[in-house]
Amino acid sequence: MAGTRARRATHAATTTVTAAALPRLALPRLALAGLALVALTGLTGCSGDDSPSSTVSKAESAARSAGREATAAASSLASLATEALESATAEAGRRLDDIKGGVDAKGSVALGEPAADGDRTKVEVTAKNSTDSTKSFAVQVDFTDEAGSLLDTVVVTVSDVPAGDSGKATARSNRQLTGTVRAKAARAVRY
């Protein structure tokens with residue numbers, strides 16, 4: 001009976017510490033709060049020192065550990081996102097540089113307003129062919145945030161635009177973009 005009361009008191013102390021510790025965790029760390037809670041409930045078992053202060057100490061240690069792990073995971077995800085963006089930008093540049101006989105045509109390209117397209121962002125690309133023969137256009141579209149920071153980049157082809165006419169294509173982001181998204185034609189090549 002005394003052991004049951006001690007476990008209940010320990011469990012109550014652990015629950016109180018868990019509820020007090022979670023609000024201090026940064027928002028990215030909340031994903032690991034469940035892990036901390038699992039770790040904390042494991043602390044309520046029998047051990048040599050089942051005092052409430054011991055349990056509180058163990059709970060604080062588990063919460064600090066979960067916070068460090070969450071910070072490391074967030075840093076790792078940010079690094080992966082940066083690498084993916086750098087890779088997409090490099091690939092877009094290679095695709096445009098590989099076009100033989102291409103002419104700069106950025107002034108012949110206009111973009112519509114970005115809009116949601118399921119879990120991605122899309123923008124309509126219009127290319128005006130002012131030459132006397134059918135041409136195609138490769139357009140690098142940069143998706144940015146309100147501050148102008150690059151979020152994503154894609155290359156879209158507007159194929160076989162008749163002489164003196166305009167052609168359209170839709171550029172779609174590679175991934176989901178959040179917040180206010182803007183689009184600009186970073187480069188365009190007519191060939």
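Throughout, residue positions are numbered sequentially from 1 according to the sequence presented. Bear in mind that the values here come from a model prediction, so they are computed numbers and not experimental data.
Val156 has its side chain out of reach of Thr170: every pair of non-hydrogen atoms, C-beta onward, lies at least 4.5 Å apart. A heavy-atom distance below 4.5 Å is found between the side chains of Val158 and Val125. Residues Thr131 and Arg190 meet the side-chain proximity criterion, which asks for heavy atoms closer than 4.5 Å. Within the 4.5 Å cutoff, side-chain heavy atoms of Thr89 are placed close to those of Leu150. Using a 4.5 Å heavy-atom cutoff, the side chains of Thr157 and Arg95 are in contact. A 4.5 Å side-chain heavy-atom check between Phe143 and Thr153 finds every atom pair outside the cut-off.
Closest approach of Ser133 to Ala163, counting heavy atoms only: N-CB, 3.5 Å. Closest non-hydrogen pair, Val154 versus Arg172, comes out as CG1-O, 3.2 Å. Pro114 and Ala183 get closest at one heavy-atom pair: CG-N, 3.7 Å. Minimum interatomic distance between Asp152 and Arg175 (heavy atoms only, all atoms of both residues): OD2-N, 3.6 Å.
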Stepwise side chain to side chain contact (heavy atoms under 4.5 Å, CB included) test for Leu111 and Val141:
CA-CA 9 Å; Leu111 301 182; Val141 177; 4.2 Å; yes
Given Gln176 and Arg120, is the side chain to side chain contact (heavy atoms under 4.5 Å, CB included) satisfied, shown in steps?
CA-CA 5 Å; Gln176 184 175 13; Arg120 298 191 296 169; 5.9 Å; no
Between Ser166 and Lys128, does a side chain to side chain donor-acceptor pair (under 3.5 Å) hold up when you go through it step by step?
CA-CA 4 Å; Ser166 294; Lys128 171 87 171 128; 4.7 Å; no
Under the side chain to side chain contact (heavy atoms under 4.5 Å, CB included) rule, what do Leu151 and Val181 come out as? Steps first, then yes or no, please.
CA-CA 8 Å; Leu151 300 173; Val181 178; 4.2 Å; yes
Apply side chain to side chain contact (heavy atoms under 4.5 Å, CB included) to residues Phe137 and Val161 and explain how you reach the verdict.
CA-CA 8 Å; Phe137 295 77; Val161 181; 4.0 Å; yes
Yes or no on side chain to side chain donor-acceptor pair (under 3.5 Å) for Asn129 and Asp165, after CA distance, side-chain angles and deciding distance?
CA-CA 6 Å; Asn129 181 4; Asp165 205 355; over 6 Å; no
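The distance from the OG atom of Ser136 to the CD1 atom of Ile99 is 9.0 Å, given to the nearest 0.5 Å. To the nearest 0.5 Å, atom CD of residue Glu124 and atom CD of residue Glu113 are 11.5 Å apart. Lys106 contributes atom NZ, which lies 9.5 Å from atom CD of Gln140 (distance to the nearest 0.5 angstrom). Interatomic distance, NZ of Lys168 versus OG1 of Thr126, reported as 3.0 Å (0.5 Å rounding).
Using a distance-only test at 3.5 Å, with no hydrogens or angles considered, a donor-acceptor pair links the side chain of Asp145 to the main chain of Ser149.
A chain of hydrophobic side-chain contacts below 4.5 Å, direct or via other Ile, Leu, Val, Met, Phe, Trp or Tyr residues, connects Leu177 to Val123.
In summary, Asp97 and Arg187 engage in a salt bridge, as defined by a charged side-chain N under 4.0 Å from a carboxylate O.
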